[in-house]
Amino acid sequence: MPLHRGADRAAGVPESERDELRRLSINPFYGEADPTSEMTSAPPMHRLPDGPTPSDTAYQLVHDELMLDGNSRLNLATFVTTWMEPQATVLMGECRDKNMIDKDEYPRTAELERRCVSMLADLWNAPDPATTVGCSTTGSSEACMLAGMALKRRWASRNAARYPATARPNLVMGVNVQVCWDKFCNFWEVEARQVPMEGDRFHLDPGAAAELCDENTIGVVAVLGSTFDGSYEPVAELCAALDALQERTGLDIPVHVDGASGAMVAPFLDEDLVWDFRLPRVSSINTSGHKYGLVYPGVGWALWRSPAELPEELVFRVNYLGGDMPTFALNFSRPGAQVVAQYYTFLRLGREGYRAVQQTARDIAGKLAGQIAELGDFRLLTRGNELPVFAFTTAPGVTAFDVFDVSRRLREHGWLVPAYTFPANREDLSVLRVVCRNGFSADLAALLVADLKRVLPELRGQQGPLGRDKSKATAFHH
């Protein structure tokens with residue numbers, strides 16, 4: 001969550017003009033009966049109003065300001081779900097007042113959460129779905145924090161004689177991981193050991209990851225669906241490299257699969273790909289229900305192979321609101337709406353429905369990538385054949401514009417297509433990325449191509465890239 005500062009009065013409108021500005025901020029038609037009754041001034045924006053504001057007026061003021069937000073359906077930066085069926089929206093509205101943490105008061109909501117965990121355990125080929133433990137979270141970032149905490153606590157228990165006196169834990173991962181893993185290492189005092197990108201390899205290399213492991217390694221993170229280019233990391237090859245490491249050194253390093261996006265794509269479209277609990281070294285998996293799980297923002301999932309992978313001392317049992325409640329979470333009170341929506345979506349689609357939705361997204365990504373490549377101005381890095389996501393950069397010889405110019409011009413047409421620079425050791429590479437998800441139809445893809453063709457003649461006519469503030473470039477780690 002971004003940090004916000006309070007209003008800077010000196011940087012705003014002069015005091016002498018503020019009353020007049022607030023008077024002009026109100027549309028007189030907001031009045032329910034008499035258009036001018038009690039409608040002489042809009043409430044202040046940076047302090048609490050002195051008194052109440054009529055509900056219709058408050059609604060309209062907020063509604064009007066939010067019109068300046070981008071259209072979420074045209075946001076090709078975000079992985080987050082931007083469309084659900086009306087029935088799901090109704091269910092979420094009916095459950096928004098239920099506190100997810102109060103499982104004693106809302107036992108059916110708790111039961112739906114338990115069923116979702118069981119369904120995911122089965123989907124991810126847990127040895128015994130009945131004994132697999134898991135929980136809902138506010139998203140993959142919280143789920144990753146919980147998985148990392150479990151890895152660290154298990155390592156600390158095995159190394160109690162050395163930790164914390166002489167041993168400092170480390171976590172091995174690719175430099176392409178989502179920013180929540182950097183946060184985890186910072187917040188929980190774990191050394192982050194990152195495998196850099198090399199050449200056309202834009203994610204973790206199994207051999208290089210194994211070489212970074214030692215007796216202080218709590219685990220290795222594999223990403224099933226990199227946010228940089230949509231590619232899967234080779235989980236099975238990573239586990240094989242760690243198996244070989246154990247044979248040589250005796251080090252038994254667990255793997256956590258960050259399947260924020262891919263864990264809800266691969267089971268349906270890549271059934272022969274072995275990445276999940278079929279690999280004994282995979283101890284835990286997370287996913288975002290609000291990404292390719294097809295639920296509005298606010299739900300993620302963390303699962304452990306068995307109770308042995310989740311130390312019991314991390315699970316709190318709280319006597320809360322009338323019942324004994326086991327909980328493992330960073331957040332406490334939160335609405336049950338998203339969990340209910342996840343269960344609805346599981347019931348609504350089933351395996352065949354999810355397969356159809358994800359295959360459509362992948363087909364649209366592949367076709368769109370091909371059309372962009374045919375323009376001749378761009379070079380594809382990926383084609384959307386793993387996650388329905390692809391990245392591309394300007395073709396060799398294109399000197400009149402760069403990816404940041406393209407992103408800027410597409411924004412003029414309402415499209416949010418992120419442009420960003422890759423991390424070490426490929427800071428020389430800047431790309432555009434397109435995320436295709438449910439609701440981004442073939443018609444919308446055709447409109448994107450049409451708008452791209454519309455801006456290209458002017459871009460080609462530039463003397464050179466217009467330049468940008470590198471500090472504002474972002475990898476859009478949603």
Side-chain angles (χ1 to χ4, degrees), residues 69-85 225-232 261-262 264-266 268-270 288 290-297 349 353-395 398 401 403-420 430-460 475-476 478:
D69 272 348
N71 184 330
S72 64
R73 293 283 297 281
L74 301 183
N75 183 358
L76 302 183
T78 184
F79 287 80
V80 170
T81 295
T82 56
W83 182 89
M84 290 188 76
E85 291 179 312
S226 172
T227 58
F228 279 90
D229 63 357
S231 62
Y232 294 161
S261 295
M264 292 305 296
V265 174
F268 307 109
L269 302 187
D270 308 294
S288 289
H290 59 222
K291 292 180 181 174
Y292 288 98
L294 308 180
V295 176
Y296 283 140
L349 291 178
Y354 264 98
R355 183 172 294 111
V357 170
Q358 314 300 36
Q359 186 64 60
T360 297
R362 183 180 280 182
D363 290 345
I364 289 173
K367 182 177 180 181
L368 180 58
Q371 291 173 329
I372 289 174
E374 288 173 1
L375 295 174
D377 299 84
F378 303 103
R379 176 175 67 87
L380 295 177
L381 274 67
T382 49
R383 293 181 171 271
N385 58 337
E386 292 181 320
L387 285 189
V389 175
F390 63 94
F392 58 102
T393 187
T394 49
V398 173
F401 62 89
V403 295
F404 299 93
D405 292 333
V406 177
S407 178
R408 196 160 39 229
R409 291 305 307 274
L410 287 176
R411 185 178 286 265
E412 295 173 5
H413 294 269
W415 300 102
L416 302 180
V417 180
Y420 53 91
S430 298
V431 306
L432 294 150
R433 187 196 67 206
V434 173
V435 177
C436 298
R437 59 189 183 277
N438 188 39
F440 182 66
S441 63
D443 287 343
L444 286 175
L447 291 174
L448 173 64
V449 173
D451 284 336
L452 184 56
K453 290 179 177 179
R454 192 171 288 116
V455 303
L456 276 175
E458 291 185 22
L459 290 171
R460 292 165 179 157
F476 283 84
H478 295 314

Residues Y296 and M84: closest non-hydrogen pair is OH-N, 3.1 Å
Residues G376 and A395: closest non-hydrogen pair is O-CB, 3.7 Å
Worksheet item: Short question: side chain of T393, backbone of S430 - any donor-acceptor pair under 3.5 Å?
Response: yes
- Message: Between L387 and K291, is the side chain to side chain contact (heavy atoms under 4.5 Å, CB included) condition met? List the steps.
- Response: CA-CA 11 Å; L387 285 189; K291 292 180 181 174; over 6 Å; no
### Query
Counting distance only, does the side-chain N/O of S407 pair as donor-acceptor with the main-chain N or O of P418 below 3.5 Å?
no
Checking D229 against S231: is there a side-chain donor and acceptor pair closer than 3.5 Å?
yes
Check: Any side-chain heavy atom of V435 sitting closer than 4.5 Å to one from T78?
Finding: no
Rounded to the nearest 0.5 Å, the CG atom of L444 sits from the SG atom of C436 at a distance of 10.5 Å
Between the NE2 atom in H413 and the CG atom in L74, the distance rounded to the nearest 0.5 Å is 12.5 Å
When rounded to the nearest 0.5 Å, the distance separating CD1 of I364 from CD of Q359 is 10.5 Å
In V403, V398, L452, the residue satisfying side-chain contact (heavy atoms from CB on, under 4.5 Å) with F378 is L452
In this structure, CZ of F79 is separated from OG1 of T81 (nearest 0.5 Å) by 12.0 Å
Contact check, side chains of V357 and Y292, non-hydrogen atoms, under 4.5 Å = no
Looking only at heavy atoms, the pair that brings A373 and L380 closest together is CB-CD1, 3.8 Å
Residues passing the salt bridge (charged side-chain N to carboxylate O under 4.0 Å, His left out) test with R379, sequence neighbours excluded, are none
* Asked: Would you call the rings of Y354 and F268 parallel, tilted or perpendicular if under 30° counts as parallel and over 60° as perpendicular?
  -> parallel
| request: Please lay out, stage by stage, how V455 and E412 fare under the test side chain to side chain contact (heavy atoms under 4.5 Å, CB included). | output: CA-CA 10 Å; V455 303; E412 295 173 5; 5.8 Å; no
Quick one: does R362's side chain have a donor or acceptor within less than 3.5 Å of a partner on V265's backbone?
no
Output for pair (R73 CZ, R437 CZ), nearest 0.5 Å, gives 8.5 Å
* Decide side chain to side chain contact (heavy atoms under 4.5 Å, CB included) for W83 and F440; before the verdict, give the C-alpha distance in whole Å, the side-chain angles of both, and the deciding distance to 0.1 Å. => CA-CA 9 Å; W83 182 89; F440 182 66; over 6 Å; no
Counting only heavy atoms not in R409, do more than 12 sit closer than 6.0 Å to its CZ atom? yes
Q.
In the structure I gave you, are the side-chain heavy atoms of D270 and E386 within less than 4.5 Å of one another anywhere?
A. no
Side chain to side chain contact (heavy atoms under 4.5 Å, CB included) for Q371 and K367? Distances and angles first, verdict last. CA-CA 6 Å; Q371 291 173 329; K367 182 177 180 181; 3.7 Å; yes
The reported gap from CG in L368 to CG in D363 (rounded to nearest 0.5 angstrom) is 12.5 Å
ask   = Does the side chain of R460 reach to within under 4.5 Å of the side chain of D377, using non-hydrogen atoms?
value = yes
Would you indicate whether the side-chain heavy atoms of F392 and V431 approach each other to under 4.5 Å? no
Looking only at heavy atoms, the pair that brings D451 and W415 closest together is OD2-NE1, 2.8 Å
